[in-house]
Amino acid sequence: MIHAFPCGTLPLDFVGTLRARRNDAPMEKLASAADLDAWFVESGLLPDAPSSGARDLERAVELREAVYALVWARLHDRPLPEDPVATVNAYAAAAPLVPVLTDEGWSRVGDAGQALSQLAREAVEIVGGDQAALLRECGRPECTQVYLDHSRGHRREWCSMATCGSRMKAAAYRARQRADAEA
């Protein structure tokens with residue numbers, strides 16, 4: 001797997017394909033159409049790679065950044081910016097993925113455009129619904145992953161305990177050890 005899915009919601013994990021946004025050199029996880037296809041399959045959105053092209057990749061990045069702009073606005077109690085709203089709504093209005101029954105259960109079929117429409121529809125529900133109040137950004141300074149805080153008390157601090165939470169706790173432990181040694 002080349003992608004990570006710490007959020008539990010596909011649109012927010014998709015936003016996370018640009019990692020460390022505040023760094024001088026953010027890490028782009030959608031550097032090629034093959035990376036986009038891998039994301040669709042690894043996320044479970046599609047069972048098979050849709051053979052995305054360069055235009056699909058451009059559209060994916062456009063959607064990702066529009067969703068991030070809307071999430072950022074919600075995180076900072078700002079009005080939703082018009083252009084990203086229009087962009088997400090346009091993608092959401094396109095044909096969605098088609099659910100199909102298989103011998104193993106069910107799956108979805110469609111192309112990259114339909115997968116992006118599915119992501120946009122889910123983003124609309126998050127940003128425009130009650131879940132918007134649960135949006136958080138990871139507390140690790142190097143991470144800019146956004147997630148929905150479903151924790152009891154809504155006090156979750158990190159996108160994932162396995163990655164950022166573990167790093168932050170280890171750093172805090174080391175700082176306490178140094179402080180104790182200096183005292």
Side-chain angles (χ1 to χ4, degrees), residues 1-19 27-71 74 84-138 143-152 156 158-166:
M1 277 185 54
I2 62 172
H3 296 287
F5 302 91
C7 300
T9 58
L10 291 182
L12 299 181
D13 282 324
F14 191 65
V15 164
T17 60
L18 182 62
R19 303 243 176 90
M27 185 187 317
E28 178 62 73
K29 299 301 281 184
L30 295 180
S32 69
D35 291 342
L36 178 61
D37 280 346
W39 193 91
F40 288 146
V41 173
E42 290 173 18
S43 71
L45 194 58
L46 287 170
D48 301 305
S51 300
S52 299
R55 179 69 181 125
D56 296 317
L57 179 61
E58 289 172 15
R59 295 181 74 228
V61 170
E62 176 186 44
L63 175 61
R64 177 189 71 194
E65 294 310 304
V67 171
Y68 181 74
L70 299 178
V71 167
R74 285 290 190 234
V85 167
T87 298
V88 171
N89 283 340
Y91 279 95
L97 292 171
V98 177
V100 294
L101 284 174
T102 68
D103 287 337
E104 293 81 36
W106 74 277
S107 184
R108 296 180 186 117
V109 296
D111 60 22
Q114 290 171 286
L116 295 175
S117 177
Q118 186 76 33
L119 290 170
R121 289 164 185 258
E122 292 178 28
V124 165
E125 291 178 12
I126 290 170
V127 173
D130 293 340
Q131 292 185 55
L134 302 176
L135 285 166
R136 304 285 184 274
E137 186 174 55
C138 184
C143 184
T144 53
Q145 183 70 54
V146 290
Y147 59 90
L148 294 174
D149 182 2
H150 290 290
S151 68
R152 199 162 115 206
R156 181 173 157 191
W158 305 292
C159 62
S160 168
M161 189 58 209
T163 55
C164 291
S166 151

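- Applying the ring pair (Phe, Tyr, Trp, His ring centres under 6.0 Å) rule to Phe40 yields no partners; only residues at least two apart in sequence or on another chain are considered.
- For the side chain to side chain donor-acceptor pair (under 3.5 Å) test, residues two or more places apart in sequence or in another chain that qualify with Thr17 are Arg64.
- The two residues Tyr147 and Cys138 make their nearest non-hydrogen contact at CE2-N, 3.7 Å.
- Of the listed residues (Val67, Val88, Leu63), just one forms a side chain to side chain contact (heavy atoms under 4.5 Å, CB included) with Leu119, and that residue is Leu63.
- Between Leu97 and Ala115 the shortest heavy-atom distance is CD2-N, 3.7 Å.
- Rounding to the nearest 0.5 angstrom, the gap separating the CZ atom in Phe14 from the CG atom in Leu30 is 5.5 Å.
- When the side-chain contact (heavy atoms from CB on, under 4.5 Å) test is applied to Ala49, the partners found at least two apart in sequence or on another chain are Asp37, Val41.
- When all heavy atoms of Ser117 and Ala95 are compared, the closest pair comes out as CB-O, 3.4 Å.
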Distance-only donor-acceptor pairs under 3.5 Å for side chains of residues 103-113, two or more places apart:
from	atom 1	to	atom 2	distance (Å)
Asp111	OD1	Gly113	N	3.1
Asp111	OD1	Gln114	N	2.8

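- Contacts of Glu42 classified as side chain to side chain donor-acceptor pair (under 3.5 Å), with partners at least two apart in sequence or in another chain: none.
- In this structure, Arg19 has no side chain to side chain donor-acceptor pair (under 3.5 Å) partners at least two apart in sequence or on a different chain.
- Asp56 pairs by the side chain to side chain donor-acceptor pair (under 3.5 Å) definition with nothing, not counting sequence neighbours.
- Closest non-hydrogen pair, Ser52 versus Leu36, comes out as OG-CD2, 3.8 Å.
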Show me, pair by pair, the donor-acceptor contacts under 3.5 angstrom made by side chains of residues 1-13, not counting sequence neighbours?
from	atom 1	to	atom 2	distance (Å)
His3	NE2	Asp35	O	3.0
Asp13	OD1	Cys7	N	2.9

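- For the salt bridge (Lys or Arg N to Asp or Glu O under 4.0 Å) test, no residue two or more places apart in sequence or in another chain qualifies with Glu62.
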Show me, pair by pair, the donor-acceptor contacts under 3.5 angstrom made by side chains of residues 123-134, not counting sequence neighbours?
none

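- The CE atom of Met27 lies 9.5 Å from the CG atom of Leu18; values are rounded to the nearest 0.5 Å.
- Atom CG of Leu46 is separated from atom CH2 of Trp39 by 9.5 Å, given to the nearest 0.5 angstrom.
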